[in-house]
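Every chain is numbered from 1 and lettered A, B, ... according to where its sequence line falls, protein lines coming before strand lines. No experiment lies behind these values; they were computed from the predicted model shown.
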Amino acid sequence: MASEKHLFALMLERVQAAAAAVLGATADLSRVVVEPPRDAAHGDMATNAAMVLAKDAGVKPRELADTIAQALRADPMIETVDVAGPGFINMRLKPAAWLGELRAAIESGASYGESRMGNGQKVNIEYVSANPTGPMHVGHGRGAIFGDALASLLAFTGFDVTREYYINDAGAQVDVLARSAYLRYREALGETIGAIPDGLYPGDYLKPVGAALAKEFGAKLQNKPESEWLPAVRARGIAMMMDLIREDLAALNVKHEVYFSERSLTAPQDQVAATIDLLRKQGKIYEGRLPPPKSGAVEDWEDREQTLFRSTDFGDDVDRPLKKSDGTYTYFAADIAYHKAKIDRGFNDLIDVWGADHGGYIKRVQAAVKALSGGKAALDVKLVQLVKLLRAGEPVKMSKRAGDFVTLRDVVDEVGKDAVRFMMLYRKNDAVLDFDLAKVIEQSKDNPVFYVQYGHARAHSVFRNVRETFPDFPSEAKARIARLHDAKLDLLTDEAELSLIRKMAVYPRTLEAAALAHEPHRIAFYLYELASEFHAQWTRGKDLPHLRFIIQNNPELTEARLALVQGIVTVLGSGLGLLGVDAPVEMR
RNA sequence: GACCCCGUAGCUCAGCCGGAUAGAGCACCAGCCUUCUAAGCUGGGGGUCGGAGGUUCGAAUCCUCCCGGGGUCGCCA
């Protein structure tokens, strides 16, 4: 029921209406928010309306608050209105309002929390984009999961989302891949290749590539100059590496709709050249010199005139080169053409997910997007910080030279998709993440993955158990929900039960805020809190049997409480779904 | 040297486009198992929000400077 407004959105409208009635229709109400107060003792909902509007109105916040509060008191959904602190308006809704929201959640089911906030706006989100030169590591996995969850969240909140993978199949690295694969090809034909030379990829994962090449070409490529075999070997190598990457992503349930090849930007048509020409005509490109970098990082710096993009005109720190000394394009030049292609496909809302080591690259690409779109398109770059792999608190040793680094697939195979996905989302994207292989599979409350999944499973165990007392209660989900449709929700009067409903009702608002901020981790934290309140209510029934969900001789109360449980199940299931984590019906 | 990210309880981290006495988990202390899964719950102690200024009725949040950790800085992608 995406068309109906959730309770917080509804109350925001009413508060804004009340404010407009007091201040007139011209008042700017955009900064007014309605949110759950920090302290539940203050009420169910609080608004800052009086405080943000007081200045323009030329009134004291408290006075304005009193006036708006008076207008709100007429609202039939509101029980009490108080003014507190510097001018907060605290509201307590009638229980019926919350119970109505619970009913809406149950009846909306999987679509509860869906919104039209995005208005169908096209969003392109590019993530993973790992080089097709070998298996992915856990850092790639974090970007993959982050991008995937963000895409799901944006789609759920009303954006028209395209998930995209940029294949870096054009640079020097894929030539290295080709040479490495060629070596394995010779090996597959029976040659002794000895140690893999420095500068080539040593991993065993190229052996199947060599074998496949030997099968396809026989000895035809053997003892031939590089120019004769490299393009074909490179193409086979890239294809097989992409297959490998796609499989690894599939194991994490990460999918993309568009795989965009960097190579396709230069052949058959050279779109990079075309883009440079276009920008040059617009005066955004010139031939000039750059000051040398202020670090020792560039040893063979040579001062020369080169083709430069005027990125400083669009917010960057220095102008950026588009061609290397050998005349080929820089990665940046291709990236400009790539982002132009996105804009040309109708995207004005671009999101790129990169590793933190690419942070220094943000301004120039944003500058390019600005220049290409005349300021119409915006690029938000989300950096994912590195992942530190631990096992029971001890760092997992990884030596890339020895080739024994732990791949993403190793981790997924060891702890499972759900643990990887949840833990990677249980942290802000720009914070370094400790990933403990031992902890994430622990079946205890110390493991947030388990804790939230267990909450969902525990709720379902209530549905199973109730049939021992009331055998006619349906076991199948659809029939259960239909049965709960007529539950007498006003029997839910316990304060903790109502508090649980209020927590549940924050879900749609949490999703909208997370979507606007491009921060899917907020969903994970919210789910943890909701699960926690549910576990608490469960345990309360131990000491206080009258608070149990199943009450022996009271089918009506039992039904009402099962409706509450159904609401929790709905939200936990929905939120886990957005994160791409399974919501199990029982823990095994 | 410049730019970017981070700095919140002993530890790991939240803090919702500035808001009401700064939160959670772990760890520590004290409790709760004759059946809705103790795979859990309840209570307690513990913080100059890195530092100093500034803007504001109000700053962990915005601005400036400084300190500490990480990253990046034309021909890697």
Side-chain angles (χ1 to χ4, degrees), chain A residues 31 33 35-39 42 46 48 51-52 54-55 60-62 84-88 90 129-131 133 166 168 170-174 262 290 292-295 297-298 300-302 304 306 308 316-318 320-332 334-335 354-363 383 385-386 426-428 430-434 436 442-448 450-451 454 457-458 461-462 464-466 468-469 506 509-510 512-514 516-517 519 521-522 525-526 528-529 532 535-543 545 548-551 558 586-587:
Chain A
R31 290 171 63 213
V33 297
E35 58 192 351
R38 192 198 299 278
D39 187 342
H42 292 138
N48 62 353
M51 293 181 290
V52 298
K55 202 167 200 175
K60 286 185 180 151
R62 291 284 304 213
F88 283 101
N90 293 325
S129 302
N131 294 337
T133 55
Y166 184 45
N168 299 135
Q173 295 192 7
V174 285
E262 180 183 354
L290 281 181
K294 301 266 192 196
S295 79
V298 187
D300 52 349
W301 170 264
E302 151 199 13
R304 63 179 172 86
Q306 51 186 341
L308 298 168
D316 199 3
D317 304 316
V318 290
R320 303 292 177 175
L322 300 174
K323 283 185 179 172
K324 304 179 197 169
S325 55
D326 66 358
T328 61
Y329 300 121
T330 57
Y331 182 78
F332 178 51
D335 224 7
W354 299 342
D357 54 341
H358 291 60
Y361 198 72
I362 296 177
K363 281 188 187 175
L383 295 182
Q385 262 293 354
L386 73 135
Y426 197 61
R427 190 110 316 176
K428 237 179 344 191
D430 49 14
V432 179
L433 182 146
D434 289 338
D436 195 311
E442 218 173 80
Q443 303 232 323
S444 80
K445 67 189 171 71
D446 303 343
N447 176 8
F450 172 80
Y451 189 77
Y454 179 43
R458 204 172 212 187
S461 89
V462 180
R464 287 189 293 273
N465 287 326
V466 72
E468 288 171 21
T469 314
V506 179
R509 187 180 181 277
T510 303
E512 290 181 351
L516 279 178
E519 290 185 351
H521 76 274
R522 293 189 197 183
F525 280 94
Y526 167 79
Y528 184 88
E529 289 167 15
S532 177
H535 284 306
Q537 184 63 6
W538 173 288
T539 309
R540 211 162 277 134
K542 285 227 165 286
D543 292 334
R548 294 185 179 189
F549 299 115
I550 300 162
I551 303 297
T558 300
E586 59 183 328
M587 305 303 285

Report the nucleotide, chosen from [options], that has the shortest atom-to-atom distance to any side-chain atom of [X].
{"X": "F450(A)", "options": "rC13(B), rA14(B), rA39(B)", "answer": "rA39(B)"}
{"X": "F525(A)", "options": "rC75(B), rA14(B), rG19(B)", "answer": "rA14(B)"}
{"X": "E35(A)", "options": "rC16(B), rC13(B), rU72(B)", "answer": "rC16(B)"}

What is the separation between atom [atom1] on [X] and atom [atom2] on [N], rounded to the nearest whole Å?
{"X": "E519(A)", "N": "rC17(B)", "atom1": "CD", "atom2": "C1'", "result": "10 Å"}
{"X": "L308(A)", "N": "rC73(B)", "atom1": "CG", "atom2": "P", "result": "18 Å"}
{"X": "D446(A)", "N": "rC13(B)", "atom1": "CG", "atom2": "P", "result": "16 Å"}
{"X": "K428(A)", "N": "rA60(B)", "atom1": "NZ", "atom2": "C1'", "result": "11 Å"}
{"X": "D39(A)", "N": "rG23(B)", "atom1": "CG", "atom2": "C1'", "result": "12 Å"}
{"X": "M51(A)", "N": "rA59(B)", "atom1": "CE", "atom2": "P", "result": "13 Å"}

### Query
Which of parallel (below 30°), tilted (30 to 60°) and perpendicular (above 60°) describes Y454(A) and F450(A)?
parallel
For the backbone of Y331(A) and the side chain of D335(A), can you confirm whether one donor and one acceptor N or O come within less than 3.5 Å of each other?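 Checked: no pair found.
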When we call it a touch if two heavy atoms are under 4.0 Å apart, what does [X] touch: a base, just sugar-phosphate, or nothing?
{"X": "F332(A)", "answer": "nothing"}
{"X": "A513(A)", "answer": "sugar-phosphate"}
{"X": "S444(A)", "answer": "sugar-phosphate"}
{"X": "K60(A)", "answer": "nothing"}

B/S/- along nucleotides 30-36 of chain B (protein heavy atoms under 4.0 Å) is --S---B
Scan every strand shown for a Watson-Crick or G-U wobble partner of [N], both distances under 3.5 Å, and answer none if you come up empty.
{"N": "rC3(B)", "answer": "rG71(B)"}
{"N": "rC26(B)", "answer": "rG10(B)"}
{"N": "rC16(B)", "answer": "none"}

Heavy-atom donor-acceptor pair, H358(A) side-chain to rA77(B) base, under 3.5 Å: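 A donor-acceptor contact between them is present.
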Phosphate oxygens OP1/OP2 of [N]: is one of them under 4.0 Å from a side-chain N or O of [X]?
{"X": "Y451(A)", "N": "rC41(B)", "result": "yes"}
{"X": "H535(A)", "N": "rG25(B)", "result": "no"}
{"X": "R458(A)", "N": "rA38(B)", "result": "yes"}

Would you measure the distance from the P atom in rG25(B) across to the matching atom in rA2(B) and give it in whole Å?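 Pairwise P distance, rG25(B) against rA2(B), rounds to 43 Å.
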Original post:
Considering only the P atoms, how many Å lie between rG71(B) and rA27(B), rounded to the nearest integer?
Top reply: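 Nearest-Å result for rG71(B) against rA27(B) at atom P: 31 Å.
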Can you confirm whether R31(A) is buried at CZ, in the sense that more than 12 heavy atoms of other residues, nucleotides or ligands lie under 6.0 Å from that atom?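 Counting neighbours around CZ of R31(A), 12 or fewer heavy atoms of other residues, nucleotides or ligands fall under 6.0 Å, so no.
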